Every structure is written in structure tokens, then in C-alpha cells.
Amino acid sequence: MGASRFTVFGHPIAHSLSPRLQALFAAQCGIALEYTATDAPPERFQEIARAFFARDGRGANVTLPDKRLAFELADTRTQAAQRAGVANVLTRQADGRLEAHNTDGAGLIRDMRERHRIELDDRRVLLLGAGGAAQAVAWALLDAGVRELILANRTLERARALADALAAPGRVCISEWDMSGNGGLDRCGAFDLILNATSAGVLGAAMRLPASLVSNTGTAYDLAYGKAAQPFMAWARGAGAARVFDGLGMLVETAADSFEHWHGVRPRTDEALRLLRMP
Ligand code: NDP
């Protein structure tokens with residue numbers, strides 16, 4: 001029997017770190033697998049994904065812009081996928097049905113708690129963004145015990161919809177966020193933790209945030225990494241945050257979660273992260 005087949009779907013896909021990460025984990029755990037990158041433009045995603053799984057594909061990571069399509073294609077959805085409304089992992093089950101899963105929430109919490117020792121219990125947290133990543137992360141933050149979660153998004157309605165879905169009125173509220181100035185954010189006070197789950201950095205768009213959000217004992221974390229994370233991280237440092245992180249560690253943890261989901265063994269992630277950070 002040949003090695004099990006896995007892939008990552010996205011469009012564009014050449015930049016994806018997934019093949020490198022999964023190959024590292026496989027070597028570390030002594031597991032033989034074939035892991036490719038598959039370009040899947042959204043209008044052809046269904047056809048391409050179905051063909052992959054029909055030809056013995058076992059699992060796939062899914063990245064932009066196909067995460068919602070992956071969620072819709074699946075026959076079953078884990079609770080994490082249902083909460084996020086998008087999927088970053090597809091798995092062919094023994095009975096042939098496709099399962100959608102989402103590792104973003106768990107991956108972020110693991111990176112924050114285990115790698116960076118960020119306290120979440122009883123903390124006051126601001127979450128910027130209400131897209132797929134923010135949805136996954138919001139649930140995970142509540143599970144992790146944050147005291148107060150304030151949601152702010154360019155489109156207020158999306159923040160409101162997320163707050164409604166979370167259904168924790170005593171702990172979750174929304175703030176207006178006026179993109180041309182401070183909107184309601186300047187009245188929110190300072191936070192223990194500010195998470196940027198917008199795609200502004202990836203899109204090269206500027207975000208205006210008041211410095212009053214940052215406490216000098218607080219932490220700022222951008223889910224993006226590389227160049228895309230630089231503007232938010234620079235803003236947070238300039239505003240006096242005690243600690244500032246990017247989302248590369250989260251990416252590695254989410255990849256490790258999908259590896260464990262498929263192979264039943266958890267790889268070590270520090271070595272993979274060190275390699276990715278090497279110039
Ligand atoms: P989505 O497209 O689902 O959501 C994008 C979000 O960004 C929306 O809330 C959108 O607001 C907001 N946004 C877009 N442009 C701007 C802008 N100019 N100013 C303010 N807000 C803006 O993307 P995802 O949720 O999938 O991804 C969000 C970020 O998280 C990306 O940077 C992505 O790279 C990162 N990410 C990192 C992961 C990791 O493992 N490290 C995993 C997953 C995501 P609106 O609703 O108004 O459109």
C-alpha cells in the first residue's frame with residue numbers, strides 16, 4: 001500500500017507553509033505520507049475536492065478563500081467547525097463521508113497559554129474582527145475562562161451576529177468601531193489582551209485604533225504573521241503593550257492539531273516554529 005494522501009486546498013496556494021509543516025511532523029513521528037498543495041479557485045473547489053477524496057485522499061487542510069466552501073461540502077461537522085462556520089480541515093471517514101473540522105480556536109489558545117504563558121482566566125479581552133477566524137477564536141476564549149469579551153468589527157452587524165451566537169450576555173458585548181477615527185473603542189478602557197483577527201494587515205489596509213486600549217501590563221496578539229502582522233504589532237508596541245506576538249505559533253499549533261486529528265499522535269511544535277522563523 002502507498003503512503004496516505006493529504007493536501008492543502010487554497011487559492012493562491014504556492015505560499016502555503018502546510019506542506020513543509022506536515023512533512024516535518026511526519027518525519028518526526030515516523031509516519032509515511034504524501035502531502036501536496038492543490039490550487040483550488042473557489043468556483044472549482046467542490047469539483048477539485050471531490051476528485052481528491054474520490055481518488056483515495058484521506059485529509060486536507062483548507063486555507064483562504066475556500067474555508068466556507070469546505071464547511072458546506074462536508075457531510076458532518078465537528079462542534080469546533082459548527083461554531084466557526086468555516087472549516088480548515090477536511091477528513092474522509094471510514095464510511096466515506098467527509099468531516100469538516102476547525103482547529104483555529106484550539107491552536108490559538110495553545111500558542112497563547114503553553115508557548116507564551118498568557119493568562120486568560122478572568123481577563124478582559126478585545127477581539128477585533130468577526131470573520132471565520134474571529135468566530136472560532138471567540139468561542140475558545142470563552143471556554144478558556146475570559147471574564148469579559150468585547151467584539152469590534154468594521155461591519156457592526158457581523159459583531160452583533162457573533163455576540164448573539166455566543167449567547168453569553170454577561171460576558172460578551174460589542175463596540176462600535178469607526179474606521180475613520182476611534183468610534184466607540186475610545187470609551188472601552190484598557191484590556192489585558194487585544195487580539196487582531198482582521199485581515200486588514202494581509203490586505204495592506206490601515207486600521208485606526210486608540211492607544212487607550214493598551215495597558216502597560218497588557219498583551220497584543222495578531223493572528224496574522226510575517227509582513228501582514230507588522231502594522232498592528234508596531235501600533236501595539238508604540239501604545240505601550242508589555243508583550244506583542246504574531247500568529248505564526250498559532251499556525252503551527254493548528255497544523256499540529258490537524259496532524260493529530262489524522263494520525264492520532266501529536267508532533268512537537270517548537271522545532272517546526274524555530275525552522276519557520278529562520279531567515
Ligand atoms: P475573513 O475574511 O473571514 O474575515 C476578515 C475580517 O477582517 C472581517 O472581520 C473583516 O471585517 C475584517 N477586515 C477586513 N478588512 C478590514 C479593514 N480594512 N479594516 C478592518 N477590518 C477589516 O478572514 P479570516 O477570519 O479567515 O482571517 C482573519 C485574519 O486571521 C487573517 O489575517 C488571517 O491570516 C488570520 N488567520 C491566522 C491563522 C493562523 O493560524 N495564524 C488562522 C486563520 C486566520 P468585515 O466583516 O467588515 O468585512
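Counting starts at 1 for both ligands and their atoms, following the listed order. On a predicted model such as this, the values are computed, not experimentally measured, just so you know.
- Salt bridge Arg147/Asp121: absent, no basic N to carboxylate O contact under 4.0 Å.
- Using a 3.5 Å distance cut-off with no hydrogens or angles, the side chains of Thr269 and Arg115 do pair a donor with an acceptor.
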Please tabulate, one line per pair, the protein nitrogen or oxygen atoms found under 3.5 angstrom from a nitrogen or oxygen of ligand 1, with distances to 0.1 Å, or say none if there are no such pairs.
| unit_1 | atom_1 | unit_2 | atom_2 | d |
| --- | --- | --- | --- | --- |
| ligand 1 | 3 (O) | Gly132 | N | 3.0 |
| ligand 1 | 7 (O) | Ser199 | N | 3.0 |
| ligand 1 | 7 (O) | Ser199 | OG | 3.4 |
| ligand 1 | 9 (O) | Ala130 | N | 2.9 |
| ligand 1 | 9 (O) | Gly131 | N | 3.4 |
| ligand 1 | 9 (O) | Asn153 | OD1 | 2.7 |
| ligand 1 | 11 (O) | Asn153 | OD1 | 3.2 |
| ligand 1 | 15 (N) | Arg154 | NH1 | 3.4 |
| ligand 1 | 25 (O) | Gly132 | N | 3.2 |
| ligand 1 | 25 (O) | Ala133 | N | 2.8 |
| ligand 1 | 32 (O) | Thr198 | O | 3.3 |
| ligand 1 | 40 (O) | Leu251 | N | 3.4 |
| ligand 1 | 41 (N) | Leu223 | O | 2.8 |
| ligand 1 | 41 (N) | Gly247 | O | 3.0 |
| ligand 1 | 46 (O) | Asn153 | ND2 | 2.8 |
| ligand 1 | 46 (O) | Arg158 | NH1 | 2.7 |
| ligand 1 | 47 (O) | Arg154 | NE | 3.0 |
| ligand 1 | 47 (O) | Thr155 | N | 3.1 |
| ligand 1 | 47 (O) | Thr155 | OG1 | 2.5 |
| ligand 1 | 48 (O) | Arg154 | NH2 | 2.8 |

Sequence neighbours left out, cut at 3.5 Å: what donor-acceptor pairs do the side chains of residues 70-77 make with other protein atoms?
| unit_1 | atom_1 | unit_2 | atom_2 | d |
| --- | --- | --- | --- | --- |
| Asp75 | OD2 | Leu98 | N | 2.7 |
| Arg77 | NE | Phe71 | O | 2.9 |
| Arg77 | NH2 | Phe71 | O | 3.0 |
| Arg77 | NH2 | Glu72 | O | 3.4 |
| Arg77 | NH2 | Ala74 | O | 3.3 |

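- Across all their heavy atoms, Ala100 and Leu90 have their closest contact at CA-CD2, 4.1 Å.
- Using a cutoff of 4.0 Å between basic side-chain nitrogens and carboxylate oxygens, Asp39 and Arg44 are not scored as salt-bridged.
- For Glu253 and Arg266, the salt-bridge test passes: some basic side-chain N is under 4.0 Å from an acidic carboxylate O.
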